[in-house]
2 protein chains.
Amino acid sequence: MKKKTTIYDIARELNITVSTVSRALSDFPAISDATKKAVVEMAKKLNYSPNKLASALKSGKTHIIGVIVPSVQAHFFASIIHCIEDGLKDSGYRVIIYQSNESVENEINGVKTLLEAQVDGIMASMSLETQDVSHFAEIVKQNKPLILFDRVHEDLIVPTVTLDDFKAGYMATQHLIDRGYKKIAFITTVHQIKIFNDRIKGYKACLTENNLPILDDHIIFGGLSIKDGRFGAGRLMRSENKPDAIVAGDDFTALGVIKKLKEIDETPPEIGVIGFANEAFSAYITPNLSTIDQHAPQIGKECAEMFLKMIQQENPYQNIEHIVLDPTVVERQSTSKTLPG
Amino acid sequence: MKKKTTIYDIARELNITVSTVSRALSDFPAISDATKKAVVEMAKKLNYSPNKLASALKSGKTHIIGVIVPSVQAHFFASIIHCIEDGLKDSGYRVIIYQSNESVENEINGVKTLLEAQVDGIMASMSLETQDVSHFAEIVKQNKPLILFDRVHEDLIVPTVTLDDFKAGYMATQHLIDRGYKKIAFITTVHQIKIFNDRIKGYKACLTENNLPILDDHIIFGGLSIKDGRFGAGRLMRSENKPDAIVAGDDFTALGVIKKLKEIDETPPEIGVIGFANEAFSAYITPNLSTIDQHAPQIGKECAEMFLKMIQQENPYQNIEHIVLDPTVVERQSTSKTLPG
DNA sequence: ATGAAAGCGCTAACAC
DNA sequence: GTGTTAGCGCTTTCAT
């Protein structure tokens, strides 16, 4: 194992000291151009690559920020990450990604790993399982920037970037009503997550405001996945109060709903279906899926900006902001009852 | 900014030395149980979190391995990553992900970042743009394990995990022939990437073996994306030698092809369409897409195992293996000409 | 069973 | 414009 070149090797070759090398490499004004040039050339010649570990240990800054998401496979999160990277790269920050796969245990592990790796800050969207948030509280205790996005938790007093989920639930429901549907069901997760609760509240508020009844057996608490969508749709269509439209907790669930409906010959838009998140596939399935767009790119952008603000303050938490974005309805075939199919 | 507890704080509180603390924390046999217990308790009390940077600097091992992929949004890569994590976690290795977004520049940056972060090894699948591989050669020069998967490059003498892409191209073509298609076109990337070249070779070999002509204007060199698929399909269907089936470079491209075909009322399986990769959406579009499954989980598993082998050897490259997996045809509606639609 | 001390590679305050 | 030196937090060899 040939060992790596360090600034000591460069210094030795050039008969100067490491401090000069260090300064030359970081383009110090006080270093002569000749020395700089010599150092840079020698560095290239010796194939020098800086050991960021050492400099981070010394300076206390890794310039790495960790992002914890349930899964990168959802286009929504992948897109947010991309925009975080984008918003941060000019400031020299790199992003590393940690997936919780919707498990608290993984999430706890993620926080631990990132903290031990001395990241300069963490951005996270919580797993569906997460109830206790003490692992996240630890980040705040260390006075490191923590920003929560989308799936946030009220116990944590930290900056957040979210969608107005009450409005999202309301809009999805109102859209169905506008399209002529009257018996609207809702499939959501059993987990007590703020954003999902807010959506239900929006759904209920919208029904009430339109003088439609809120029926307990029109609200299915289960999981969010293709499988859960199929299951929920099956249960709803077999019930006494058969709905004529379904709001699904996310686009994956909506996809399951559609598959089930097609199997039992109630192909949308006969039964209206709308999802949340505007996943990549939603425009391509048949019938293509109406959905609530959650503006992932903007969420990412806001997170990046917020982080930059936080590290500039002496105390990152001296000025806690909560950014709330507005959702948008994306209308497609699956809710086009009153339109030509 | 309250500063973090270190092993010095623990040592001071307990009136012992840092070496004892360090040993106690890493469960040295020579340390008395009483001391261990005291140390662990004090660590918890002081909210101690180890600084991996420092230990990595000292030990030269970060226990982090970097994975560079074109994009995590492709289910294929996301799935591989997941299986790499899985295969490595018992050995205490963590994975960090870097996306090249199909750009060499990002890829070069990724290698640099990961190397500077002192990762213990790198696994990569190259961007479509990559021709020159000197940035990867640098990893080998540092004698760090590098494993290439799927999109590999012949100039790099490193272990690889790939699919038999010749066979994949052959199988896709043969499948179409078996289903009664005779004029089979092929859409692929302009970039000179081994796996794509191999697929074309397989396609040509299969045509020849079935006594079918190889037509130049049946092979479209462009990009791989929904848009490119639409474009390629349009061009093929307008040509003199209108094909009756299309092999698309990946499932995204195949999706574009299908969309275009539907628009011009040549809905598959009238024109057969097959893709590569078995993306998550492929089963859900209409008609659902036949594709070549590339066994992502197994690729990930093999990468993890190979890495573990490499680091156990004094020289990681003393025994270079090339693992080649067999593809599988996943038959769905888009190629079901001779079957009930 | 535990302590003393050197050193991983780098930065930066302080000299000259 | 450049050298000297201490130290970031940890591991580890050599003592005791």
Side-chain angles (χ1 to χ4, degrees), chain A residues 1-40 42-43 46-64 92 115-120 142 144, chain B residues 1-40 42-43 46-64 92 115-120 142 144:
Chain A
M1 188 83 169
K2 63 198 95 167
K3 66 168 183 285
K4 288 189 51 184
T5 24
T6 71
I7 51 172
Y8 281 88
D9 301 315
I10 301 178
R12 196 180 325 108
E13 292 293 318
L14 257 30
N15 265 314
I16 55 178
T17 60
V18 287
S19 28
T20 308
V21 176
S22 172
R23 285 171 188 135
L25 254 17
S26 42
D27 208 26
F28 244 60
I31 298 290
S32 75
D33 285 350
T35 314
K36 274 182 195 167
K37 190 157 167 277
V39 167
V40 170
M42 184 56 71
L46 298 181
N47 225 312
Y48 170 75
S49 159
N51 184 333
K52 292 268 174 171
L53 250 46
S55 83
L57 176 59
K58 179 69 189 164
S59 68
K61 299 259 144 274
T62 54
H63 292 282
I64 291 176
L115 245 23
E116 289 179 358
Q118 313 299 120
V119 294
D120 289 350
Q142 292 196 13
K144 284 213 171 141
Chain B
M1 190 84 170
K2 63 197 95 167
K3 66 169 185 285
K4 288 190 51 184
T5 15
T6 72
I7 51 172
Y8 281 88
D9 301 315
I10 299 177
R12 194 179 327 105
E13 291 294 318
L14 256 32
N15 265 315
I16 54 179
T17 61
V18 287
S19 20
T20 308
V21 176
S22 172
R23 286 169 186 137
L25 253 18
S26 41
D27 208 25
F28 245 61
I31 298 290
S32 75
D33 285 349
T35 313
K36 274 181 195 167
K37 190 157 168 278
V39 168
V40 169
M42 185 55 72
L46 297 183
N47 224 312
Y48 170 74
S49 158
N51 184 334
K52 293 267 173 172
L53 250 47
S55 82
L57 176 59
K58 181 65 189 165
S59 68
K61 299 259 142 273
T62 54
H63 293 281
I64 292 177
L115 245 23
E116 289 179 358
Q118 312 299 120
V119 294
D120 288 351
Q142 291 196 13
K144 283 209 173 146

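When reading the values below, keep in mind they use all heavy atoms of this one structure, side chains included, and skip hydrogens, waters and symmetry mates. Note that the structure is predicted; figures quoted are calculated from it, not measured. In what follows, chains carry the letters A, B, and so on, assigned in the order in which the sequence lines appear, proteins first and then strands, with residues in each chain numbered from 1.
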So, is Tyr48(A) near the phosphate of dC10(C), with a side-chain N or O under 4.0 Å from OP1 or OP2? yes
Which is true for Thr35(B) with a 4.0 Å heavy-atom rule: it touches a base, it touches only sugar-phosphate, or it touches nothing?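 Sugar-phosphate contact only.
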If you look at every strand shown and take non-hydrogen atoms under 4.0 Å, does Leu53(A) touch a base, only sugar-phosphate, or nothing?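 No contact.
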Between [X] ([atom1]) and [N] ([atom2]), how many Å, whole number?
X	N	atom1	atom2	value
Asp33(A)	dG1(D)	CG	C1'	12 Å
Glu116(A)	dG9(D)	CD	P	15 Å
Lys61(A)	dC8(D)	NZ	P	16 Å
Asn51(A)	dG9(C)	CG	C1'	6 Å
Ile7(A)	dG3(D)	CD1	P	13 Å
Asn15(A)	dT4(D)	CG	P	12 Å
Leu46(A)	dG9(C)	CG	C1'	15 Å
Leu57(A)	dG7(C)	CG	P	17 Å

Minimum heavy-atom distance between Asp120(B) and Thr62(B), given as atom pair plus value: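 It is OD1-N, 3.0 Å.
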Considering the terminal five base pairs at each end of the helix from dA1(C)-dT16(D) to dC16(C)-dG1(D), what angle separates the two local helix axes, rounded to 10°? 40°
Name the pairs: protein N/O against N/O of nucleotides 12-15 of chain D, kept only if under 3.5 Å.
residue	atom	partner	partner atom	Å
dT13(D)	O4	Arg23(B)	NH2	2.5

Residues forming a side-chain hydrogen bond (donor to acceptor under 3.5 Å, both in side chains) with Thr17(A), sequence neighbours excluded: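 Thr17(A) satisfies side-chain hydrogen bond (donor to acceptor under 3.5 Å, both in side chains) with Ser19(A), Thr20(A) only.
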Checking Ala54(B) now: which residues fulfil side chain to side chain contact (heavy atoms under 4.5 Å, CB included) with it, not counting sequence neighbours?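 Once residues adjacent in sequence are excluded, the partners of Ala54(B) under the side chain to side chain contact (heavy atoms under 4.5 Å, CB included) criterion are Leu57(A), Asn51(B).
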Can you list everything that forms a salt bridge (charged side-chain N to carboxylate O under 4.0 Å, His left out) with Asp9(A)? Sequence neighbours excluded, please.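 Residues passing salt bridge (charged side-chain N to carboxylate O under 4.0 Å, His left out) with Asp9(A): Arg12(A).
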Provide the full list of salt bridge (charged side-chain N to carboxylate O under 4.0 Å, His left out) pairs with a residue in residues 23-33 of chain A, sequence neighbours left out, each pair given once. Asp27(A)-Lys36(A)
Is it true that a side-chain atom of Ser22(A) and a backbone atom of Val18(A) form a donor plus acceptor pair closer than 3.5 Å? no
Classify the side chain of Tyr8(B) and the base of dC10(D) as holding, or not holding, a donor-acceptor pair under 3.5 Å.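 Answer is yes: a donor-acceptor pair is held.
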Counting heavy atoms from C-beta on, name the nucleotide in dT11(D), dT2(D), dG3(D) closest to the side chain of Thr17(A). dG3(D)
